[in-house]
Amino acid sequence: MKVTYIGGGAYRVLPILRGAMSDPRLFDGGEICLYDLAPERTATMAAMLERTPEFAKNNVKITHGLSLEASLTGADAVGVIFPAGSWKSAALGTEICLKHGYISSDNVSPNGAMHGLKAGPTLLSIARSMEKYCPNAWLLDFVNPVAVFSGMVNNHTKIKALGVCAGYTNHQWDISRLLGADRQLTNVKVEAAGINHLAFITKGDLDGEDIFKLIDKSLAAGWKMPPMHHRWHEGAVKNITQSVTTLAKVYQDLGVLIFSTEGDGMQHLFYDEAVRASQAAFVKPSIQEIDESAASHRARRIADDRAFAAHLNENLDQAFWDKADADGTMFERVHDDIFIKIMRGIAGLEPAEIVSSRTNQGAIKGIDDRNVVEYSQTLFKQEIKPRGNLYIPGVVQGMITGLAAHQTLLGDAIATEDPKLLAHALQSYPWMPYSKASKSMFRELLISNAPEITPAALAATEYLV
């Protein structure tokens, strides 16, 4: 099996591939290819992977520094990991969104739509290259907004694409926390449907017991947030506590259980409240401050890269890797990342039960077949099919249907470079759609992002008056 990672210098590649190589059958006689616009990062990552205890037990070669064409040729799976757009444009976008009464994020939000316009042409180009050099490969997109890109590639190329999210395992932790313990329940089995960052568990089982009955019992007994594991730093504890508390409140108020607790997704369930809170906390930075923050971010990444590479001069013995696994550092090995499950499914080691974003194709009742949604699937080799009796709970169905249509239209507009279609796609975002506020905001966002989007995308401003 050959797996190529575009953005192969990303730190998260190491934990994923350590976990993947823990089973030597996956890459037996195969190849891991790392491609990055910063080849020094893939050189470091390749050297680090070759120092892992897992690599020593594998019959696999690690390549890097090749052209994109050579990196793609013969691949069975292509993972894509890179940031969409600049720090500056994201910061300016947040200010514009909040000014007009909208939330801001890199995914399910108006600012997320701008991320789609910035990275979309690159993703489409990668898919077009895959049609030539690895036409049967799966494209596994981690770049946000993953749903937009998955829909775009599936609807406008011959490549099979899945939008994958690091929050895939959030429910394993959050259900455990709702039941009173901060640990990962890898034995919980669920079916989910919705959109990325706002899918809902419609069926769940924990050792033969219905998770909804277990959660009802825990909440009725006066549930409180359990003590947190020492691996979580102070900021993480605060964010997790807020997310799980919100998860419990949404479940009690609306009767729906969110699959993956992601901030921008959950905010759609109390939108005006979320906007007001964000506006109150927002301190408008000057252009100089934004530039300084971006420069600081770049400097930190350079320093982090040097610190990461410096470990190659150390004795990376088994004790080093064991400690990384115990402490949950950036060097740890993970076993349950969705990339690993998908790679194992493609390789035919076992059917992979996953939740990812792709076109509906009849999976969820009430959703157009070509609209992109997130749902439970089983992947085995070249075959993928829905898993379970999938539906969107009625109380959130209208909102999810609207968001799915919006994200699909956005992918269509990026692929066709149709400015009028783009204007329609942006205005279909289902919070004050087609309003003066919507038109004004999206017009400002496009102009603000002009240096990073195509002329065709910028031309959509003509239809936002």
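Within 6.0 Å of CD on Glu234 lie no more than 12 heavy atoms contributed by other residues, nucleotides or ligands.
Annotation: side-chain hydrogen bond (donor to acceptor under 3.5 Å, both in side chains) contacts of Glu374 (sequence neighbours excluded): Asn196. Taking Asp305 as the reference, Arg41, Arg301 meet the salt bridge (Lys or Arg N to Asp or Glu O under 4.0 Å) condition, with sequence neighbours excluded. With sequence neighbours excluded, the residues satisfying salt bridge (Lys or Arg N to Asp or Glu O under 4.0 Å) with Asp337 are Arg12. With sequence neighbours excluded, the residues that form a side-chain hydrogen bond (donor to acceptor under 3.5 Å, both in side chains) with Ser150 are Asn154. A search for salt bridge (Lys or Arg N to Asp or Glu O under 4.0 Å) contacts involving Glu131 returns Arg128, not counting sequence neighbours. For Lys238, the salt bridge (Lys or Arg N to Asp or Glu O under 4.0 Å) test picks out no residue, with sequence neighbours left out.
Taking the six-membered ring where the residue is Trp, Phe308 and Tyr11 present tilted rings, their angle falling between 30° and 60°. Ring geometry for Phe142 versus Phe339: interplanar angle of 30 to 60°, hence tilted. Note on ring orientation: taking the six-membered ring where Trp is involved, the planes of Tyr429 and Tyr102 are tilted (angle from 30° to 60°).
Under 4.0 Å is where a charged nitrogen must lie from a carboxylate oxygen, and between Lys341 and Asp336 no such pair does. Asp182 and Arg177 are joined by a salt bridge, as a carboxylate oxygen and a charged side-chain nitrogen come within less than 4.0 angstrom of each other. Taking the charged nitrogens against the carboxylate oxygens, Arg387 and Glu191 have no contact shorter than 4.0 Å, which rules out a salt bridge.
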